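Written out below as structure tokens is the structure these notes cover.
If you read the sequence from its start, that first residue is 1, and numbering goes on from there. All ligand and atom numbering here is 1-based and tracks the order in the structure. Everything quoted here is computed from the prediction, not taken from an experiment.
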Amino acid sequence: LVNGELKEWKGKNTTVISTISSTKEYAHTVLGSIPDMGETEAMEALDAAVNAYNQGQGVWPTMKVKDRIECMEAFVKKMEAKREEVVKLLMWEIGKSMPDSYKEFDRTVEYIYDTIEDYKQLDRNSAKFQKHDGVYAHIRRGPLGVVLCLGPYNYPLNETFALLIPAIIMGNTTVFKPAKHGVLLITPLMEAFQSSFPKGVVNILFGRGRAVAAPIMKTGKVDVLALIGNSKSANALQDQHPKSNRLRLVLGLEAKNPAIILPDADLDLTVNECLAGTLSFNGQRCTALKVVYVHEDIKEEFLKRFSEKVDALKFGNPWDEGVKLTPLPEPGKPAYIKELLDDAKVKGAKVQNKKGGKPSDNFIWPAVLYPVSKDMRVYEEEQFGPIIPVVSFKDIEEPLNDMAESNYGQQVSLFGKDVYTLSPLIDTLANLVCRVNLNSSCQRGPDVYPFTGRKDSAQSTLSVHDALRSFSVRTFVAFKDN
Ligand code: G3H
């Protein structure tokens, strides 16, 4: 979708999109293919966005707020009509279970409606005049320019649209490239984008990041890099920009969220929350629990109960009833997970659950690993998959020190009962991460809450409310009382 036109792909190269399958073996099968675009298409899309913005003088950035809202409302209505088609592709393409696929779609729609409401409120507030020291001010929020938007495969709708939608509604123009997996599901929505917004406001490209995003950044014409993914890609793209000091970054990055289980924790609740926290969508969430610190006194009991629950989970196709574990969309993932397991085993860890680490073509059974130490790759690497590293501790300072040394600082889950122990601990943890989940697993939602992180985990905040601010700048008219 470039400059309001859905173009036919004439290039020869395509990237084959393989997917999970409905066969017994859960082998990858071909679902479709997407154009493997390059610099030429990237420049066309960028030029369309630059021209539509036209240094803030274009139709979209100068359009009345009420009219921009109408365009967004038209878009979301058309999107809602595509629910079944998109959900089906979510299941097929990235292997997300049926309930989670519906949840992702509905949550995204709700995010858009909430954004519209928040934008109306923002506009109402900006209509008011302020007066300080004899100076009246009418403060508004204006767009920033051209936004390059890159989304992740694990939430191809929700995470991606949490960038794209606020960027668009604030009056910016955009070039959007979906991730390598979870890309076909964008195609049913292209007509909705095309018919709802003026030409050049939303331009959609397919291909590899290196082939399309890097040349776009090199031009220096991008004002905002909006990306949910890993810090390595974000840094590499940022480095391409010739005037990176002019570039605004809106980034949601990797994390290694820990669970800390205190000796008085309610074990039934803790086991269930840790199960959801570590293995929802096979651990392919930046908010997933990626290390579990359990107090020595309850270590044995926790490992036993947790391992049994992991082995009792149901594996199958995303549309199967009651399924919790599904095939992994990245073809290289099971082999990578196995590498991490082998490395940990050589260094002294043991797989605690009977089925742990059993591989098949595109799945590997979740492995509960104990004891995990800092020299193991699984301790350092985000892994984004079904390994649950467990570390025991005697003194609470041990997990706290590890968190302080970590490169990440998104969230933590804290399990325990005694208020006098929990209360000061929460204060300490809140200075290490941005969200402390008390007796519950880590998660992004509800999307009206701030979603952010410290250190390498984020740059900017992505709640409905904050995202509108991340994609805009305050401008004002002032006059004196004379
Ligand atoms: O990958 C990171 C997502 O923001 C996780 O969102 O906690 O709702 O699964 P979630």
Side-chain angles (χ1 to χ4, degrees), residues 90-91 94-112 114-115 149-166 178-182 226-234 250-259 272-291 318 324-326 328-330 333 381-387 408-413 433-438 440-464 466-467 470:
L90 263 169
M91 292 191 279
I94 63 163
K96 189 166 277 195
S97 71
M98 189 187 280
D100 285 351
S101 292
Y102 277 113
K103 196 166 142 197
E104 173 162 0
F105 188 92
D106 296 341
R107 177 181 174 181
T108 309
V109 166
E110 193 183 327
Y111 193 102
I112 301 174
D114 285 350
T115 299
C149 175
L150 305 163
Y153 83 82
N154 65 336
Y155 278 91
L157 275 186
N158 190 61
E159 292 280 15
T160 309
F161 282 33
L163 301 173
L164 197 56
I165 298 300
K180 199 167 149 208
H181 307 280
L227 174 151
I228 305 265
N230 61 62
S231 48
K232 204 169 145 210
S233 312
V250 181
L251 309 175
L253 303 169
E254 64 267 33
K256 266 192 96 73
N257 292 339
N272 287 336
E273 286 295 319
C274 284
L275 206 61
T278 53
L279 291 176
S280 294
F281 195 36
N282 308 305
Q284 301 168 112
R285 298 160 59 232
C286 65
T287 46
L289 289 174
K290 300 207 179 81
V291 55
K324 293 285 182 218
L325 303 168
T326 48
L328 302 164
E330 293 179 290
K333 203 49 167 288
E381 293 173 30
E382 192 194 22
Q383 63 107 359
F384 223 64
I387 305 187
Y408 310 110
Q410 190 198 65
Q411 301 189 18
V412 64
S413 287
V433 294
C434 287
R435 174 166 165 167
V436 181
N437 299 279
L438 195 53
S440 55
S441 59
C442 298
Q443 61 173 45
R444 171 180 175 152
D447 293 333
V448 291
Y449 288 154
F451 178 54
T452 185
R454 296 170 186 273
K455 302 187 223 173
D456 288 347
S457 285
Q459 272 266 2
S460 68
T461 307
L462 284 170
S463 70
V464 169
D466 291 290
S470 297

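- At a 4.0 Å heavy-atom cut-off, ligand 1 touches N154 through the side chain alone.
- Annotation: side chain to side chain contact (heavy atoms under 4.5 Å, CB included) contacts of Q383 (sequence neighbours excluded): Y336, I337, L340, I387.
- Close approach to Q443 involves these atoms of ligand 1, each under 4.0 Å from a residue heavy atom: 7 (O).
- The shortest separation from a heavy atom of F451 to ligand 1 is under 4.0 Å, placing the residue in contact.
- Looking at Q410 and N257, their side chains do bring a donor and an acceptor atom within 3.5 Å of each other.
- With respect to I228, the side-chain contact (heavy atoms from CB on, under 4.5 Å) criterion is satisfied by exactly one of N158, L253, L462, L251: L462.
- Short contacts between ligand 1 and Y155, defined as distances under 4.0 Å to a heavy atom of the residue, involve ligand atoms 3 (C), 5 (C), 6 (O), 8 (O), 9 (O), 10 (P).
- The line from CD of E273 to OG1 of T278 is 10.5 Å long, rounded to the nearest 0.5 Å.
- Across every non-hydrogen atom of N154 and E104, the tightest pair is O-OE1, 3.9 Å.
- Looking at Q284, R444, E159 and measuring to atom 4 (O) of ligand 1, the nearest heavy atom belongs to E159.
- Listed by number with element, the atoms of ligand 1 under 4.0 Å from a non-hydrogen atom of R285 are 1 (O), 7 (O), 9 (O), 10 (P).
- A 4.5 Å side-chain heavy-atom check between R285 and Y155 finds at least one atom pair inside the cut-off.
- For the pair K96 and F281, the cation sits on the ring face: its NZ or CZ lies under 6.0 Å from the ring centre, inside 45° of the axis.
- Residue contact annotation: R107 has a non-hydrogen atom under 4.0 Å from ligand 1.
- For the pair C286 and ligand 1, the shortest N or O to N or O distance falls below 3.5 Å.
- Summary of contacts: the protein heavy atom closest to atom 5 (C) of ligand 1 is T287 OG1, 3.1 Å.
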